[in-house]
Amino acid sequence: MGFTGENQSPALAWEHAPAGTQSFAVTIFDLDAPTGSGFWHWVIFNIPASVTELKAGAGDLGKPLAPAGAVQSNTDFGQPGYVGAARPRPAAPLPDYGAGPKPKAGIRSECYPGLRCLPL
């Protein structure tokens, strides 16, 4: 495995939250990580309901890009903030699945609307 790239959290956006949404939580989990149990790359919650996007790099605790009031929790790296993937290079080219939908694998991003802010 090798670490390449900028280790920057992705830009994410959403719309049409259910009425009454009080806050959001976003997680990025890699179910294909070679750990036997996956790998949590990012956990951010208490995102205000008025927010509809996270800017690229918002997972960097050294930059003021995360929404005010949002909390970034520890990842499987053992610290808060975003930690990027270190994917092994495939031994052979990935198959061409044609023009249809591509199979989902690897990193998933989830957004959970309708949560009350979690007291800490």
Side-chain angles (χ1 to χ4, degrees):
M1 292 197 316
F3 294 92
T4 60
E6 298 178 26
N7 195 37
Q8 176 175 281
S9 59
L12 300 171
W14 54 90
E15 57 187 5
H16 307 296
T21 297
Q22 297 180 25
S23 69
F24 295 97
V26 174
T27 65
I28 297 181
F29 178 73
D30 183 351
L31 59 107
D32 294 330
T35 62
S37 62
F39 192 93
W40 291 98
H41 289 273
W42 198 18
V43 178
I44 181 170
F45 58 93
N46 286 357
I47 301 168
S50 60
V51 172
T52 58
E53 69 176 343
L54 293 172
K55 297 185 182 309
D60 183 340
L61 299 179
K63 296 179 181 176
L65 296 174
V71 177
Q72 299 195 51
S73 185
N74 280 2
T75 65
D76 280 341
F77 195 64
Q79 61 190 38
Y82 175 81
V83 61
R87 307 295 294 173
R89 295 180 188 258
L94 296 174
D96 180 3
Y97 291 99
K102 306 294 185 255
K104 293 182 179 180
I107 296 178
R108 290 182 8 184
S109 176
E110 302 285 343
C111 184
Y112 304 96
L115 302 173
R116 277 187 265 170
C117 287
L118 303 172
L120 296 177

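The figures here come from the full heavy-atom set of this structure, side chains too, leaving out hydrogens, waters and symmetry mates.
Taking CG from Asp30 and OG1 from Thr35, the interatomic distance works out to 8.0 Å, rounded to the nearest 0.5 Å. The CH2 atom of Trp14 sits 4.5 Å away from the CD1 atom of Ile47 when rounded to the nearest 0.5 Å. Leu12 CG to Glu53 CD: the interatomic distance, rounded to the nearest 0.5 Å, is 9.5 Å. The CD atom of Gln8 sits 6.0 Å away from atom NZ of Lys63, with the distance rounded to the nearest 0.5 Å.
Residues Val51 and Ile28 are members of one and the same hydrophobic cluster, defined by side-chain heavy-atom contacts under 4.5 angstrom among Ile, Leu, Val, Met, Phe, Trp and Tyr. Phe29 and Phe45 fall within a single hydrophobic cluster, where Ile, Leu, Val, Met, Phe, Trp and Tyr are joined by side-chain heavy atoms under 4.5 Å apart, directly or via other members.
Judged purely by atom type and a 3.5 angstrom limit, Asn7 uses its side chain to pair as donor or acceptor with the backbone of Gly84. A donor-acceptor contact shorter than 3.5 Å links the side chain of Ser9 to the backbone of Gly57. Between the side chain of His41 and the backbone N or O of Val83 there is at least one donor-acceptor pair closer than 3.5 Å. Between the side chain of Asp76 and the main chain of Trp40, a donor-acceptor pair closer than 3.5 Å is present.
The two residues Ala58 and Ala66 come nearest to each other via the heavy atoms O-CB, 3.7 Å. The two residues Thr21 and Pro18 come nearest to each other via the heavy atoms OG1-O, 2.6 Å. What you find for Pro67 and Leu54 is that their closest heavy atoms are CD-CD2, 3.5 Å.
Ring-plane geometry between Tyr82 and Trp42 is classed as perpendicular, the angle between the planes exceeding 60 degrees on a 0 to 90 degree scale with a lower cut at 30.
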What's the verdict on side-chain contact (heavy atoms from CB on, under 4.5 Å) for Gln72 and Ile44, showing C-alpha distance, side-chain angles and the deciding distance? CA-CA 4 Å; Gln72 299 195 51; Ile44 181 170; 3.8 Å; yes

